[in-house]
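Whatever order the structure lists ligands and atoms in, that order sets their numbers, starting from 1. Sequential numbering from 1 along the given sequence is applied to the chain's residues.
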Amino acid sequence: MTDSGPFLPRRKLLAGSAVALTAAGLGGLSAQARAQNKALPAYAAWKDANALTVHSANTLETRRSAFGASVITPSDQLYIRNNLPPPDASVLSDRDAWELWVEGVKSPRALTLRDLKTLGIESVATVLQCSGNGRGFFPSKPSGTPWTVGAAGCVMWTGVPLRAVAQALGGVADGRKFITGTGGEKLPEGVDPKSVIVERSVPIQALGEALLAWEMNGTPLSIAHGGPLRLVLPGYQGVNNIKYIKRLAFTDAESDAKIMAHGYRLTPPGGTANASQPSVLEMNVKSWINSPSDDGGPLKAGRVQIVGVAFGGGQAVKQVEVSLDGGKSWKAAQLFGPDLGRFAWRQFVLSAELPAGTHVLASRATDASGQVQPQDRLENVGGYNNNSWADHAVKVTVA
Ligand SMILES: Nc1nc2c(c(=O)[nH]1)N[C@H]1C(S)=C(S)[C@@H](COP(=O)(O)O)O[C@H]1N2
Ligand SMILES: [Mo]
């Protein structure tokens, strides 16, 4: 039961009503839920099955009640999203031999991971979030995985700053406008490569913070998360963070791969995706409550610590408010835990008395630039970028 409130003195936890949170906070799967859950795929067999909903072999989601109260998401609980089956684990047998082609610099060439490790080193904590996180709340039921809150985590990366790599190769070639990363998966045969290859472009402004990472949460990158080498773009939606990166190019134009030209576009309802619509790039201000949660255990009336996470994409979190009445009134929550920088998420808590009955608990974040998490989602065909506080509210029943 101490797991429910590491920020509370144990004395208090033992004092009666604080016990209320215990079942919800632990996040163990019921026997029934365990039986319904699909098995972990072989490449992710090391993951914590209890913490994850397995939608498919290539889409695994962290359960809301499994998010702990510490800032970094443990690797074995982190979601996975692969558009293609991941490469064979044999590519990790000699990590340092992995080759990255760097183009659109004055002296283009291939660099091995061994080379990259000599060019510089940096660590950054970022929120890694699928742009489809929250899709499950769209009443329009967009096609794609119906993620709720768990296609996200806060992760510590280590690698070489991309700008150091560009510098070592003579600098970015003149006039280049985009950073284009290409994934190293084996492509299925008999189809147009452009229709399946994972290749994304982001504005060159992202160069300032971009990292080529070989380590996540203190261990060499797993196959599940893009090992041996991954592009990390702090503040940008998950899809732009190219795993198994084999080519990094500074380009004049966006990639014409389908995943860039048509995929991941904010297409208005009823419309067809095309390259003139905004792509999913920077993340928006967002928060949600993890505990108590609607997939945790029963709650008893009394004092609870309402705990969640908040992030601003590229902006720091300024404040978080929590509502106990579905958004009619709001109270200031407290940020707690270490501040790992503007790309990480912050933990928040509101201590509240919950009487017996049904309660709709919501959270609303404001970032350093004053952007407030909106009540409503931006409707779009693909179900992207959902940061509606109303959609992310939890309904809890207190006995
Ligand atoms: N090479 C490659 N990179 C990729 C993907 C992919 O399928 N292949 N999926 C993207 C998407 S849509 C997301 S949300 C994140 C998921 O990262 P994770 O599996 O490490 O959580 O990786 C992105 N990078
Ligand atoms: Mo994604």
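- Annotation: R81 places an N or O atom under 3.5 Å from an N or O atom of ligand 1; distance criterion only.
- For ligand 1, the atoms sitting less than 4.0 Å from at least one non-hydrogen atom of C130 are 14 (S), numbered in the order shown with element in parentheses.
- Side-chain contact annotation: R303 with S351, donor-acceptor N/O pair under 3.5 Å present.
- Counting heavy atoms under 4.0 Å from ligand 1, residue V239 touches it through both backbone and side chain.
- Backbone and side-chain nitrogen or oxygen atoms of K243 are examined, and one is located within less than 3.5 angstrom of a nitrogen or oxygen of ligand 1.
- Of all atoms in ligand 1, listed by their number and element, those nearer than 4.0 Å to a heavy atom of G183 are 1 (N).
- Only side-chain heavy atoms of Y264 come within less than 4.0 Å of ligand 1; its backbone N, CA, C and O stay farther off.
- The residue from H225, R230, K246 that puts a heavy atom closest to atom 17 (O) of ligand 1 is R230.
- Remark: the Q371 side chain and the D367 side chain contain no N/O donor-acceptor pair separated by less than 3.5 Å.
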Show the numbers, then the answer: is there a side-chain contact (heavy atoms from CB on, under 4.5 Å) between R346 and V309? CA-CA 6 Å; R346 293 300 308 268; V309 292; over 6 Å; no
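- Counting the atoms of ligand 1 from 1 in the order shown, those under 4.0 Å from a heavy atom of I80 are 19 (O), 21 (O).
- Counted by atom type alone, N82 and K243 present one or more donor-acceptor pairs between their side chains at under 3.5 Å.
- Summary of contacts: the protein heavy atom closest to atom 23 (C) of ligand 1 is G238 O, 3.3 Å.
- The single protein non-hydrogen atom nearest to atom 9 (N) of ligand 1 is N83 ND2, 3.2 Å, given as residue, atom name and distance.
- Within ligand 1, the atoms closer than 4.0 Å to a non-hydrogen atom of L128 are 17 (O), 18 (P), 20 (O), 21 (O), numbered from 1 in the order shown.
- Contact annotation for N241 and ligand 1: only backbone heavy atoms (N, CA, C, O) come within less than 4.0 Å of the ligand.
- K395 places no side-chain N or O within donor-acceptor distance of the main-chain N or O of L361, the cut-off being under 3.5 Å.
- Using modelled atom types and a 3.5 Å distance limit, the side chains of N133 and Q237 yield no donor-acceptor pair.
- Looking only at protein heavy atoms, the nearest one to atom 21 (O) of ligand 1 is Y79 O, 2.9 Å.
- Close approach to A224 involves these atoms of ligand 1, each under 4.0 Å from a residue heavy atom: 19 (O).
- A donor atom on one side chain and an acceptor atom on the other are not found under 3.5 Å apart for N290 and S293.
- The side chain of E185, and not its backbone, has at least one atom closer than 4.0 Å to an atom of ligand 1 (non-hydrogen atoms only; side chain from C-beta on).
- A donor and an acceptor atom, one from each side chain of W157 and T126, are located under 3.5 Å apart.
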Could you walk me through whether R63 and E61 pass salt bridge (Lys or Arg N to Asp or Glu O under 4.0 Å), step by step? CA-CA 6 Å; R63 297 176 64 245; E61 173 167 17; over 6 Å; no
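- In this structure, N82 is part of the shell of residues with a heavy atom less than 4.0 angstrom from ligand 1.
- Side-chain N/O atoms of S287 and Q373 include a donor and acceptor closer than 3.5 Å.
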